[in-house]
Peer 1: 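Please see the structure below; I have some questions.
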Amino acid sequence: MQTNGTTKQLDQAITRLGEAWVQFSQRFAADIKREGISIPGSQTYLLFLLSRRGPLRMSDIADRLGVTLSGCTAVVDRAVEEGWVERKRDSADRRVVRIRIAP
């Protein structure tokens with residue numbers, strides 16, 4: 001059971017994490033813009049996620065983005081259209097499609 005002190009510390013840590021995320025997002029967007037690339041935030045995070053985790057299933061991406069599977073499909077579809085990511089069948093289980101950064 002959490003005490004009031006622990007709950008307060010957790011709330012403060014979550015607040016700091018949120019602030020750090022906003023600062024990171026703003027800096028990253030500015031860096032991308034300087035390079036002359038126009039990419040929406042959701043797709044930016046998708047690319048970041050894939051660069052760190054490697055190819056992922058749609059359900060894993062949806063969980064990490066905090067969106068529904070249909071919302072994830074929309075984000076991935078746009079990234080595929082732009083040529084940033086691609087769908088690839090899993091060699092071990094052809095029913096599974098993984099999303100990976102395009103070469």
Side-chain angles (χ1 to χ4, degrees):
M1 184 171 186
Q2 292 183 346
T3 63
N4 267 351
T6 304
T7 301
K8 185 176 179 179
Q9 287 177 329
L10 181 59
D11 287 344
Q12 290 172 342
I14 291 170
T15 299
R16 287 192 310 272
L17 178 61
E19 291 167 353
W21 177 252
V22 168
Q23 290 175 358
F24 166 78
S25 297
Q26 290 171 341
R27 288 181 190 154
F28 188 79
D31 289 347
I32 292 292
K33 190 174 183 178
R34 259 193 310 278
E35 295 295 324
I37 301 169
S38 176
I39 179 171
S42 58
Q43 292 174 18
T44 300
Y45 186 66
L46 172 64
L47 293 173
F48 174 76
L49 180 62
L50 294 173
S51 73
R52 295 288 182 217
R53 301 285 183 180
L56 294 171
R57 296 176 305 154
M58 291 289 283
S59 57
D60 295 329
I61 294 170
D63 287 344
R64 286 183 165 80
L65 292 178
V67 298
T68 63
L69 199 50
S70 63
C72 180
T73 299
V75 170
V76 169
D77 283 349
R78 286 190 297 272
V80 168
E81 288 172 15
E82 293 293 332
W84 296 318
V85 301
E86 63 183 10
R87 290 177 171 91
K88 188 82 171 170
R89 292 260 177 218
D90 188 301
S91 60
D93 185 347
R94 302 282 299 154
R95 296 170 297 174
V96 175
V97 176
R98 296 195 183 271
I99 308 306
R100 69 180 190 180
I101 294 177

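None of the values given here were measured: they were computed from a predicted structure.
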Peer 1: Throw together a table of side-chain donor-acceptor distances under 3.5 angstrom for residues 12-20, partners on residues two or more places apart or in other chains.
Peer 2:
from	atom 1	to	atom 2	distance (Å)
Thr15	OG1	Asp11	O	2.9

Peer 1: Could you list the residues that satisfy side-chain hydrogen bond (donor to acceptor under 3.5 Å, both in side chains) with Arg89, not counting sequence neighbours?
Peer 2: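 side-chain hydrogen bond (donor to acceptor under 3.5 Å, both in side chains) list for Arg89, sorted by chain: empty.
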Peer 1: For the residue pair Leu50 and Ile99, what are the closest heavy atoms and their distance?
Peer 2: CD2-O, 3.4 Å
Peer 1: Just jot down the salt bridge (Lys or Arg N to Asp or Glu O under 4.0 Å) partners of Arg87, sequence neighbours excluded, or say none.
Peer 2: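 With neighbours one apart ignored, the set is Asp77.
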Peer 1: Please report the interatomic distance CG(Asp63) to CG(Leu69), rounded to the nearest 0.5 Å.
Peer 2: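 That separation rounds to 9.0 Å.
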Peer 1: Can you name the residues that form a salt bridge (Lys or Arg N to Asp or Glu O under 4.0 Å) with Arg34, not counting sequence neighbours?
Peer 2: Asp31
Peer 1: Measure across Val67 and Cys72 and return the closest heavy-atom pair with its distance rounded to 0.1 Å.
Peer 2: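 The pair with the smallest heavy-atom distance is CG2-N, 3.7 Å.
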Peer 1: Tell me every residue that passes side-chain hydrogen bond (donor to acceptor under 3.5 Å, both in side chains) with Arg94, counting only those two or more places apart in sequence or in another chain.
Peer 2: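 Listed in chain order: nothing, the list is empty.
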Peer 1: Do Met58 and Val97 have side chains that get closer than 4.5 Å, going by heavy atoms?
Peer 2: no
Peer 1: Working to the nearest 0.5 angstrom, can you tell me the gap between Leu46 CG and Arg64 CZ?
Peer 2: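 Output value for this atom pair is 12.0 Å.
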Peer 1: Let me check something: any side-chain donor-acceptor pairs from residues 78-85 under 3.5 Å, sequence neighbours excluded? List them with distances.
Peer 2:
none

Peer 1: For the hydrophobic clusters of this structure (ILVMFWY residues joined by side-chain heavy atoms under 4.5 Å, transitively), does one cluster hold both Phe24 and Leu49?
Peer 2: yes
